[in-house]
Amino acid sequence: MRDNSINQVKILVVEDEPFIALELQDTLHEAGYLVVGPALTFQQAVSLFESLPFNIALLDINIGQGEMIFPIAEQIHRKHIPIAFVTGYGSHAILPKELRACPVVEKPVNPKELLKVVRTLEHQMLHRPVAGKTT
Amino acid sequence: MNFLEDIFNSNFMPHGHCYLWLPDILILHVVSDVIIFLAYFSIPISLIQVIRRRPDIGFNKLFFWFAAFIFACGITHLMEVWTVWYGTYRLSGLLKAITAGVSAFAAYSLWELIPLAVRIQTPKQVAEHEQRLSQVNEQVGDLIKTRNRQSKELELQKLLLDELDHRVKNLLAVVLSIAQQTIRSTSDLMSFQENFTGRLQNLARIQKLLRGHLWHAIPLKDLVLSSIEPYTDNKTERVRVQGALFNFGAEKAQALHTILYELATNAAKYGAFSAAEGTVDIEWDTLGNGKEIEIRWVENMHCSTAGSVNASELTEGFGSRIIKQMTTYQLQGSVEWNYEPSGLNLCLRFPIDKSPTASEILAE
């Protein structure tokens, strides 16, 4: 576990399935990250995006009732915050053009694989400014 | 010998002499020839009109020779009128010879067209063909429709398979998460097995319930009884389910089912179902003109040890986290609980939509 310092990496988690959201939260927490959320609905994701700073976003693609995460993902992307998608759609998940470079983690998620992807994003993040309000 | 030089010479006897210059016979011939000339003069004009308006018809050569032939015939009749008074028989003979030549060409071109002419269809035949063509068109249209329907069905099938694939993976992810979360909240394999199996069976009962109601609204009492089923086998008299008949929408059914199951599990370990005489009251009321529902879970231990059990379980464990998250995000409502001396007292409140059951939809 890392220090709960100001330098702790903050990860926005959006996942509509409560069981999975809890597990993502615990996995990331145990690895020393600070979880923003988890947001279980699109609306919740929007309000977290607008109110809290974070460095990395882990987004479920289908956020329930057929709603897609892409509108908010595009906004996050425009702020140069690295994104990874977590989805059950797997290879046939069709990402919008500007998000095509984002890594996709397939469900069921292997915690080790997830953390590997997060560390890659963390590396990207080091060269990018922190989005939103600063703590 | 000098035929051409004498061509306009009229030193022959005019034809009128043959008619003895009798006015009646003269008039008969002259008027008839003039009328024939006029008629023969007008026919080529009408033929030319036809060709000009319908260039697609073709047969231009035939039309030309016929127009020329008829015009030439007309000229010979005009000549007949002229020779009544002037005996220019060389000229009339020459015109007749030209007419002969033209008529020979016209006759030849008609002969040439015989094979084609016999193939020309009558309007009746054309109508029959048109009818047959429209039948064929209809059949082709049907085939295209069938083809389109098949490709649409295939597309739908692909869509359903993609969705199924997505749901299966999602379900596997849920199962994995439940396993991981259960590992986190249990200390030994025995209790892991018990909790994990219980949670998977809960998922299976939700599936069965939703399928049984065709993924439409479920009577709330059925949902409640299904969620606590593992703990009510021999305790039916210890659970009181009370509330007006209410059909609960499928979208929120999974969350409520899981919440009630976790409460029942908690009660079996630490609460009313763990005490010999304990009871649970599950009641509901709709509020705000049916826009909201309040569901109360009230445990009564009916024993002196009430309150001394590990009351903190619900505030710490996975069960409580799931209850909080599901109430907040999936039910979009609130949950409150406290421990009375008699046991846990929990109240859920969340908005609801009016949802028809499958049989109500079928009845419409």
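Convention: sequence-line order gives letters A, B, ...; per-chain numbering from 1.
Ion pair B/Arg321/A/Asp26 flagged as a salt bridge, since at least one NZ, NE, NH1 or NH2 atom sits closer than 4.0 Å to an Asp/Glu carboxylate oxygen. Using a 4.0 Å cut-off between a side-chain N of Lys or Arg and a carboxylate O of Asp or Glu, B/Lys252 and B/Asp353 do not qualify as a salt bridge. Under a 4.0 Å N-O distance rule, the pair A/Arg100/A/Glu98 does not qualify as a salt bridge.
Contacts of residues 174-211 of chain B with chain A at a heavy-atom distance below 4.5 Å involve B/Val174, B/Leu176, B/Ser177, B/Ile178, B/Gln180, B/Gln181, B/Arg184, listed in sequence order.
Closest heavy-atom contact between B/Lys269 and B/Ser274: O-CB, 3.8 Å.
Chain B forms more heavy-atom pairs under 4.5 Å with one residue of A/Leu24, A/Thr27, A/Leu22, A/Asp16 than with any other, namely A/Leu22.
Of the inter-residue distances, the one linking B/Glu163 atom CD with B/Lys158 atom NZ reads 12.0 Å to the nearest 0.5 angstrom.
For the salt bridge (Lys or Arg N to Asp or Glu O under 4.0 Å) with A/Lys107, the qualifying choice from A/Glu113, A/Glu15, A/Glu17 is A/Glu15, the only one to do so.
Between the side chains of A/Glu122 and A/Tyr33, at least one donor N or O sits under 3.5 Å from an acceptor N or O.
Residue contact with chain A, scored on non-hydrogen atoms closer than 4.5 Å, involves the side chain of B/Thr258 exclusively.
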